[in-house]
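Everything below concerns the one structure shown next.
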Amino acid sequence: MDRILIRGGNRLSGRIAISGAKNSALTLMPCALLTDEPLTLRNLPRLADVDSFGHLLNQFGVSTTIEGGRPSDFGRVMTMRGQQLTSTVAPYDIVRKMRASILVLGPLVGRAGEATVSLPGGCAIGNRPIDLHLKALEAIGAEIELAAGYVKAVAPKINGVGRLTGGRFSFPVVSVGATENVLMAAVTAKGGTILENAAREPEIVDLCNLLVAMGASISGIGTETLEIEGRDRLHGAMYRVMPDRIEAGSYACAAAITGGSLDLVGASAHDMRATLDALIEAGVSVEERKDAIRVSADGPLKPLTLSTAPFPGFATDMQAQFMAMLLKADGASVLTETIFENRYMHVPELARMGAHIDVRGRTAVVHGNASLVGAPVMATDLRASMSLILAGLAAEGRTEVNRVYHLDRGYERLEEKLQGVGADIERLGDG
Ligand code: EPZ
């Protein structure tokens, strides 16, 4: 397994190109199931999860071809075509490797009238139930059956063809994935659908924009109430994936923790407002320029009190990275994780580098002015891994991050991008 070695202490300076958003790509790709015409996505990030999703789509008879990107695209261009679906089953051995596979459930039952998907297990940050996905699909006509570790969704027959009816569902808890799944099912339902308390994350907006480009009828995009008019069929489209707001936020923390200055090229300030506001409150300067956001830490960092929340609140996917950064703040910060029940796996690893963090339930008190010392540490989940990288950039001496396959799921060419702005970082082969 690869490891990443960092010798800390360098101030980062320069430009980092922000890749296409992982959490958008993973909900845009299953839209290829909704049409028999080609769907071309540009600016796809080069990530393990994107490759895995391509293999999953191949299972259903969707062809996937990678084309050369344009100079303006940092990412890849992939054309997918599900002219004739040959299966509606997502097998355990693929789903267990990538939880986002559950996002084929909605489009499959929307297109083919039925879908059988292995239940995704939990993961390091929580047990990740899918009850809201299933309740929302039932509300628009799907019959749900759970058996032998699989979930089967079947649409009622209308004129002999399986077709969802449409309906109304109010989410008791904001759920990004459940909103995405039911959206991709509702767009080809017989009737209309109203979703209340829907997720408003930028990735949902990206998904709605793609579906509209494919001929869907959706109003209320960007709000918590979405109204969808079902269409008999959708057509193909060409669409550019939005920039990754979490990757950009992670590198902003790298500038802050090393006292450096980075231009985040292609980042969208609108998608990152809560992150940028928190950085400014911590004393970091943020300049929104034409093609980039410039983040510079030219003074001491101030401690913060932050709670994670659904968009437009402070993103849970930024919590671990801010925790690392706040270790260098001039005082104690208080972080509260309200979304996932076990998202402090980075704490014991940061402690091995000299951090002093007290966790009580969902709240972590992060003591500042830490003198971090490099150490061998273990990545446990995607964003926790990034917090270890950030701490390593500021630590004295060598930090060796193990199990970096976690990182490769969400950060494209991480060590190259950091080397390019002055970090002393390299990837080592099998340890
Ligand atoms: C998406 O996960 C993201 N993943 C996560 O990013 C992100 O942290 C999360 O949204 C919140 O923003 C992708 O987009 C691939 P949720 P998702 O459904 O959809 C509970 C990363 O690091 N819930 O919004 O699984 C759930 O347990 C990853 O890039 C139910 O109870 O998140 C959680 O407490 C990590 N029942 C809360 O809702 C359900 O049916 C929010 O989960 C679904 C969710």
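Position 1 is the first residue of the sequence; numbering continues from there. We count ligands from 1, going down the list as the structure has it; atoms in each ligand are counted the same way.
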Original post:
Under a 4.0 Å heavy-atom cut-off, what residues line ligand 1?
Top reply: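 These residues qualify: K22, N23, I125, R128, P129, I130, D131, L132, H133, V173, V174, S175, V176, G177, T316, D317, I339, F340, R343, L382, R383.
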Indicate whether any N or O donor in one side chain lies under 3.5 Å from an N or O acceptor in the other, for [X] and [Y].
{"X": "S19", "Y": "K417", "value": "yes"}
{"X": "T40", "Y": "Y239", "value": "no"}
{"X": "E138", "Y": "H133", "value": "no"}

Original post:
Salt bridge or not for R3 and E415, using N-O below 4.0 Å?
Top reply: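 Result for this pair is no, no salt bridge flagged.
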Original post:
Can we say R427 and D408 salt-bridge, meaning some charged N sits less than 4.0 Å from an Asp/Glu carboxylate O?
Top reply: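 The answer is yes: the pair qualifies as a salt bridge.
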Subject >> With F60 via ring pair (Phe, Tyr, Trp, His ring centres under 6.0 Å) - residues at least two apart >> reply: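 Testing F60 for ring pair (Phe, Tyr, Trp, His ring centres under 6.0 Å), a comparison that skips the adjacent residues, returns none.
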